[in-house]
2 protein chains.
Amino acid sequence: MKRNSRLSLALHTLGHMAAEPKQWKTSADIAAHAGTNPVVVRRVLGPLRKAGLLVSEKGHSGGWKLARSPQEITLADVYLALDERLIAPDDPHANHHCSIEHALHEQVSKVLEGIERELVERFATTSIADVQNMKY
Amino acid sequence: MKRNSRLSLALHTLGHMAAEPKQWKTSADIAAHAGTNPVVVRRVLGPLRKAGLLVSEKGHSGGWKLARSPQEITLADVYLALDERLIAPDDPHANHHCSIEHALHEQVSKVLEGIERELVERFATTSIADVQNMKY
DNA sequence: ATTTCATGTAACAATTATAGTTGCATCACT
DNA sequence: AGTGATGCAACTATAATTGTTACATGAAAT
């Protein structure tokens with residue numbers, strides 16, 4: 001696979017599911033389409049289930065499907081569920097000798113943090129249905 | 001170092017330089033402040049020089065400094081110079097068996113590509129001087 | 001001129017992050 | 001019971017990133 005694969009895999013999968021919201025899809029099927037492994041799929045989809053975007057069922061004729069309508073799932077929901085932070089590094093306070101360095105570091109972090117927030121807001125304006133319906 | 005280190009290292013360095021735009025800084029000094037290696041610093045700063053954001057001089061009393069004023073260097077300049085693509089994976093057309101898969105893939109790519117563009121626009125609204133001056 | 005100190009670059013090693021794999025417990029439907 | 005799915009843990013493999021060493025080149029200082 002490539003970089004940013006978690007988000008990308010998630011969006012593909014949700015896009016597919018949006019086309020047939022009633023149908024249960026197995027991780028094996030999803031993996032086959034995505035050219036990856038069922039366990040990898042479950043690993044990516046797990047957090048989406050925890051976030052309430054998907055539901056899964058065990059057992060015969062089990063699998064995965066959307067927990068709500070595609071219009072009600074935004075890219076921000078997915079992004080946050082996956083715990084991605086593409087802009088701002090999760091850097092919970094590196095040590096810096098000189099105080100100028102420290103202040104500057106704080107500044108850079110604040111700026112990136114702000115842009116990260118704006119990115120999430122942007123993601124929130126697009127739903128899975130939008131992706132699937134070729135709004136763009 | 002941590003993730004996103006290239007962008008982050010670049011911004012820190014430029015921030016420092018913005019404080020003393022006349023002064024030549026060596027990669028060794030920069031590296032010491034950033035807690036990394038001079039070669040790594042040159043590797044990150046090289047593309048910024050190629051993009052015309054920095055100038056460097058060899059020899060005794062050589063080093064690096066800004067090629068223009070901090071107000072005239074935006075985060076987008078840095079981001080693009082480093083060739084970062086944080087949102088959209090550079091995926092020059094993966095093969096897909098079924099055409100639905102293909103169409104969906106195109107869609108996801110288009111959406112992410114659009115958001116990537118908007119991110120660059122956002123970066124363009126903030127300059128190194130803004131970072132340094134604690135505008136936020 | 002020679003020494004000194006810097007960049008520029010290549011090649012390699014080490015580390016870290018990510019993806020892939022195997023194995024098995026658990027649960028639900030047939 | 002038997003089958004086929006998820007859930008999860010542990011491990012391996014691979015890729016990406018960073019760090020290191022070595023050396024050629026160029027410019028200033030002596």
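Letters A, B, ... mirror the listed sequences (proteins, then strands); counts begin at 1.
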Examine [N]: is either OP1 or OP2 under 4.0 Å from a nitrogen or oxygen in the side chain of [X]? Give yes or no.
X     : N      : result
B:S27 : C:dT7  : yes
B:T36 : D:dG19 : yes
B:R49 : C:dG8  : yes
B:W24 : C:dA6  : no
B:T26 : C:dC5  : no
B:R42 : C:dG8  : no

B:I128: which of B:D77, B:L53, B:L75 passes side chain to side chain contact (heavy atoms under 4.5 Å, CB included):
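Exactly one option meets the side chain to side chain contact (heavy atoms under 4.5 Å, CB included) with B:I128, and it is B:L75.
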Calculate the interatomic distance between [X] atom [atom1] and [N] atom [atom2]; express it in whole Å.
X     : N      : atom1 : atom2 : value
B:W64 : C:dA6  : CH2   : P     : 14 Å
A:L45 : D:dG7  : CG    : C1'   : 13 Å
B:N37 : C:dG8  : CG    : P     : 15 Å
A:L82 : C:dT18 : CG    : P     : 12 Å
B:K25 : C:dT7  : NZ    : C1'   : 17 Å
A:L48 : D:dT6  : CG    : P     : 14 Å
B:L86 : D:dA16 : CG    : C1'   : 15 Å
A:I30 : D:dT6  : CD1   : P     : 8 Å

First of A:R43 and A:P38 reached from the 5' end of DNA chain D, by closest nucleotide:
A:P38
Suppose we screen for side-chain contact (heavy atoms from CB on, under 4.5 Å). Which residues come up paired with B:V120, at least two apart in sequence or across chains?
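side-chain contact (heavy atoms from CB on, under 4.5 Å) check on B:V120 returns B:A76, B:Y79, B:L80.
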Name all residues meeting the side-chain contact (heavy atoms from CB on, under 4.5 Å) criterion together with A:S109; count only those two or more places apart in sequence or in a different chain, and write none if there are none.
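Counting only residues at least two positions away or on another chain, A:S109 forms a side-chain contact (heavy atoms from CB on, under 4.5 Å) with A:H105.
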Please find the pair of heavy atoms, one from B:P21 and one from B:K65, that lie closest to each other, and give the distance.
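In terms of heavy atoms, the two residues are closest at O-CD, 3.8 Å.
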For A:L48 versus A:A81, what's the shortest heavy-atom pair and its separation?
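Scanning both residues, the minimum pair turns out to be CD2-CB, 3.6 Å.
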Nearest-neighbour nucleotide for the A:V39 side chain, C:dG20, C:dG23, C:dT9 considered
C:dG23
List the protein contact pattern of nucleotides 25-30 of chain D with one symbol per nucleotide (5' to 3'): B for base contact, S for sugar-phosphate-only contact, - for none; contact means a heavy-atom distance under 4.0 Å.
BBBSS-
Please enumerate all residues that pass salt bridge (charged side-chain N to carboxylate O under 4.0 Å, His left out) together with B:E72, with sequence neighbours excluded.
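Listed in chain order: nothing, the list is empty.
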Ignoring hydrogens and geometry, is there a side-chain-to-backbone donor-acceptor pair from A:Q71 to A:A129 under 3.5 Å?
no
If a pair satisfies side chain to side chain donor-acceptor pair (under 3.5 Å) and one of its residues is in residues 53-62 of chain B, list it, with sequence neighbours excluded.
B:R49-B:S56
Please give me every residue in residues 15-23 of chain A whose heavy atoms get under 4.0 Å of an atom in DNA chain C, ordered by residue number.
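None - not one residue of the stretch has a heavy atom sitting under 4.0 Å from the strand.
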Minimum side-chain heavy-atom gap B:T74-B:T125 below 4.5 Å
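No, their side chains stay 4.5 Å or more apart.
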cation_pi(A:K25, A:W64) dist<6.0 Å, angle<=45
no
